[in-house]
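Heads up, the thing below is written out as structure tokens.
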Amino acid sequence: SIVLVALLPFQCYEHPNGKSSMTAYSQVVCGQGVHVTLLGIGIAFVVLYGAGFFALCLWANWWAPAMTARHPEFLEYFRFLVFRFRVDRWWWGSVSMMRSFLIALVPIANPNSGSHQIFL
């Protein structure tokens, strides 16, 4: 959900006069003024939090079988990645996270067409 908030500046809809506004804050015109600042903050958060946290989770999933044998506390730290899945499907947490991230990108893909968003 934090990545979804960081992606808000990228969600703009078109007006009949050709300009576009943010869907969350219609008073902010896309590409002008404060929107440029919001885009910079959004990019920083997506790169640092979104990609960084996902990379950490990929690392944890990769090393989960070996680390749990040597360090039992490893499962305490990364329980959210593995507790919902069978032991032989320990890697499925990364797939689930990638799916959630891609679902968060759907409103950005084509913000002016609800039918395309439903299809995606």
To check you understand the geometry: which heavy-atom pair defines the closest contact between [X] and [Y], and what is its length?
{"X": "Gly42", "Y": "Phe10", "result": "C-CE1, 4.2 Å"}
{"X": "Cys57", "Y": "Leu81", "result": "O-CD1, 3.7 Å"}
{"X": "Cys30", "Y": "Ser21", "result": "SG-C, 3.5 Å"}
{"X": "Ala24", "Y": "Leu8", "result": "CB-CD2, 4.0 Å"}
{"X": "Ser26", "Y": "Tyr13", "result": "CB-OH, 3.4 Å"}
{"X": "Trp90", "Y": "Pro65", "result": "CE2-CG, 3.5 Å"}

Same apolar cluster: [X] and [Y], side chain cutoff 4.5 Å:
{"X": "Phe101", "Y": "Val47", "result": "yes"}
{"X": "Val29", "Y": "Met22", "result": "no"}
{"X": "Val46", "Y": "Leu39", "result": "yes"}
{"X": "Trp62", "Y": "Phe78", "result": "yes"}
{"X": "Phe80", "Y": "Leu56", "result": "yes"}

Contact between Asn61 and Val82 at the side-chain level, heavy atoms closer than 4.5 Å - yes or no? yes
Pairs involving residues 18-51, ordered by first then second residue, that meet ring pair (Phe, Tyr, Trp, His ring centres under 6.0 Å) (sequence neighbours left out):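 Those involving residues 18-51 are Tyr49-Phe53.
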Does Trp92 have more than 12 heavy atoms from other residues, nucleotides or ligands lying within 6.0 Å of its CH2?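 No, because the 6.0 Å sphere around CH2 of Trp92 holds 12 heavy atoms or fewer from other groups.
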Not counting sequence neighbours, which residues clear side chain to side chain contact (heavy atoms under 4.5 Å, CB included) with Phe54? List them please.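 Partners of Phe54 under the side chain to side chain contact (heavy atoms under 4.5 Å, CB included) test: Leu58, Met97, Met98.
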To the nearest 0.5 Å, how far apart are CG in Leu7 and CD1 in Ile43? 10.5 Å
Would you compute the distance between atom NE2 of His71 and atom CH2 of Trp63 and round it to the nearest 0.5 angstrom? 11.0 Å
Could you go step by step and tell me if Leu75 and Phe83 meet the side-chain contact (heavy atoms from CB on, under 4.5 Å) rule? CA-CA 9 Å; Leu75 278 182; Phe83 80 100; over 6 Å; no
All pairs passing salt bridge (Lys or Arg N to Asp or Glu O under 4.0 Å) where residues 81-108 contributes a residue, at least two apart: Arg86-Asp88
